[in-house]
Protein chains: 2
Amino acid sequence: MSITISPPLKIKAAEPAGRPAKVSFKAQMLAAREDAIVQAVNRLLAEKGFDLMTVDEVAADVGIAKASLYKHFPSKEDLAAAAMVRVVALAQAFLTSLPVDAQPLQQLKSLVRWMLELQLAGEMPSLPHQNSSLRTTLMNNKAYLDGLMRISDQIGDWIERAQKDGSLSVSIPPLLVLYTLYSRACDPVVEFLRASGLHSDDEIVELVIGTCFDGLHAR
Amino acid sequence: MSITISPPLKIKAAEPAGRPAKVSFKAQMLAAREDAIVQAVNRLLAEKGFDLMTVDEVAADVGIAKASLYKHFPSKEDLAAAAMVRVVALAQAFLTSLPVDAQPLQQLKSLVRWMLELQLAGEMPSLPHQNSSLRTTLMNNKAYLDGLMRISDQIGDWIERAQKDGSLSVSIPPLLVLYTLYSRACDPVVEFLRASGLHSDDEIVELVIGTCFDGLHAR
DNA sequence: GTCTATATCGCGATAGAC
DNA sequence: GTCTATCGCGATATAGAC
């Protein structure tokens with residue numbers, strides 16, 4: 001029922017008069033509206049998951065009619081795909097914000113920490129891995145695939161360097177490392193631990209990072 | 001469309017004549033039918049997940065009418081709950097089949113191996129953790145809760161003993177260990193690795209066990 | 001208990017006026 | 001592009017004969 005627009009609109013701030021300004025203003029409105037939609041979808045995906053999220057809820061949350069949603073996105077699957085594109089873009093922005101001279105293992109831990117915090121903040125969308133129509137839409141989304149490939153390349157680079165400098169086990173295939181890190185984005189241990197009420201969010205993050213990199217076995 | 005009955009029926013094998021035998025036979029028929037239903041549900045839950053599994057499919061798979069299903073189980077949620085009760089019972093049977101004198105860490109690894117193999121065999125039902133009606137049904141199912149508590153107690157005992165004998169890290173809360181082990185039952189890494197086609201099922205099992213207990217960090 | 005046939009309904013998607 | 005109102009479909013669940 002609430003309309004969230006981010007970043008806040010600056011109406012015709014430093015724009016020259018005439019048609020170009022008007023077009024840009026319209027484009028800003030459109031982009032802001034679509035961004036509000038995608039943010040609502042992202043939150044609902046994190047809260048209820050794809051199957052339980054209804055398009056009616058999304059429309060009500062954004063504050064527009066359901067038919068208007070379908071003018072922006074042709075299907076529910078495309079709504080979810082847009083949310084995933086946004087998350088991948090956020091991940092990419094986070095990765096590029098990391099110090100380039102840090103040790104590769106620390107980069108990987110920072111990524112996992114970021115994903116766990118996103119999950120704890122209720123902003124990590126959860127999709128079913130078995131919905132074929134959703135998979136088809138995602139696999140046909142060039143923006144999503146490109147973004148996913150770019151961050152995977154970056155992470156893969158860190159994995160190889162971490163294995164070379166001896167901080168990461170060389171007996172684990174790099175692909176397995178990548179998948180293991182990605183899986184932390186939907187690790188049910190996070191919500192289980194939170195439901196237990198025994199640990200703060202920060203403790204949960206550090207505990208899960210510990211089990212991920214150090215394992216359960218005693219050193 | 002196929003009716004699977006297990007174990008195979010032995011019709012009136014060593015039964016005395018009279019009413020008791022007849023009642024027992026009927027009860028066997030009923031139990032066998034319900035077991036066939038639960039097995040079909042288990043396979044469909046593993047294949048498509050709860051949301052994508054339809055009651056029509058279950059009925060068609062067992063070879064009976066949908067209305068007949070509802071004579072055995074009052075709702076789709078109860079169907080899934082029955083499958084979970086079965087899996088928990090299988091897990092308990094597996095745990096009691098383990099050698100009692102083995103080291104506790106090996107017991108835990110054996111459990112994870114069993115869960116991973118069940119997943120690779122397509123027999124690990126996958127439920128959404130966010131479906132509230134399903135959660136309600138499960139939390140009201142005494143057989144499920146009792147079975148889950150019994151195996152959790154057994155596992156918790158091994159965890160404490162493994163921490164005492166120095167094979168498991170004492171800096172990890174036992175509850176986190178338990179959750180981390182349980183999470184291997186729905187670890188998406190398994191299907192990702194299988195989809196990559198780079199490893200055999202046995203290799204996948206050992207690789208995931210390795211990342212779970214030894215972590216990614218080099219020793 | 002099993003069947004056929006049907007009730008009921010939630011949800012994705014659309015028509016058509018403005 | 002946005003709205004109100006509605007369609008169409010599939011899914012859970014049930015009625016009633018046998």
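What you see below is based on every heavy atom in this structure, not just the backbone, and it leaves out hydrogens, waters and symmetry mates.
With respect to B/Asp187 and B/Arg184, a salt bridge is recorded, a charged nitrogen being found less than 4.0 Å from a carboxylate O.
Within the structure, every side-chain polar atom (N or O) of A/Arg33 is placed at least 4.0 Å from both OP1 and OP2 of D/dG1. Contact annotation: A/Ser68 side-chain N/O to D/dG1 OP1/OP2 distance is not under 4.0 Å.
Atom CD1 of A/Ile37 and atom C1' of D/dT2 are 12 Å apart (whole Å). Between the C1' atom of D/dT2 and the CD atom of A/Glu34 lies a distance of 14 Å, rounded to the nearest Å. A/Leu134 has its CG atom 13 Å from the P atom of C/dG12, to the nearest Å. In this structure, CG of A/Asp78 is placed 14 Å from P of C/dG12, rounded to the nearest angstrom. Between B/Ile64 atom CD1 and C/dG1 atom P the separation is 12 Å, expressed in whole Å. Between the CZ atom of B/Phe73 and the C1' atom of D/dT12 there is a distance of 16 Å, given to the nearest Å. One atom, CE of A/Met29, and another, C1' of D/dG1, lie 11 Å apart when rounded to the nearest Å. At whole-Å resolution of the value, CG in A/Leu30 and P in D/dT2 are 8 Å apart.
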Item checked: Chi angles and distances behind the side-chain contact (heavy atoms from CB on, under 4.5 Å) call for B/Phe213, B/Val112 -> CA-CA 10 Å; B/Phe213 285 90; B/Val112 173; 4.0 Å; yes

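Across all strands shown, B/Thr54 has heavy atoms under 4.0 Å from sugar-phosphate atoms exclusively, and none from any base.
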Grab the N/O contacts between the protein and nucleotides 13-16 of chain C below 3.5 Å, and write none if there aren't any.
from	atom 1	to	atom 2	distance (Å)
C/dA13	OP2	A/Tyr70	OH	2.9
C/dA13	OP2	A/Lys76	N	3.0
C/dA13	N6	A/Lys66	NZ	2.7

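Contact between A/Val38 and A/Ala83 at its shortest, heavy atoms only, is CG1-CA, 3.8 Å.
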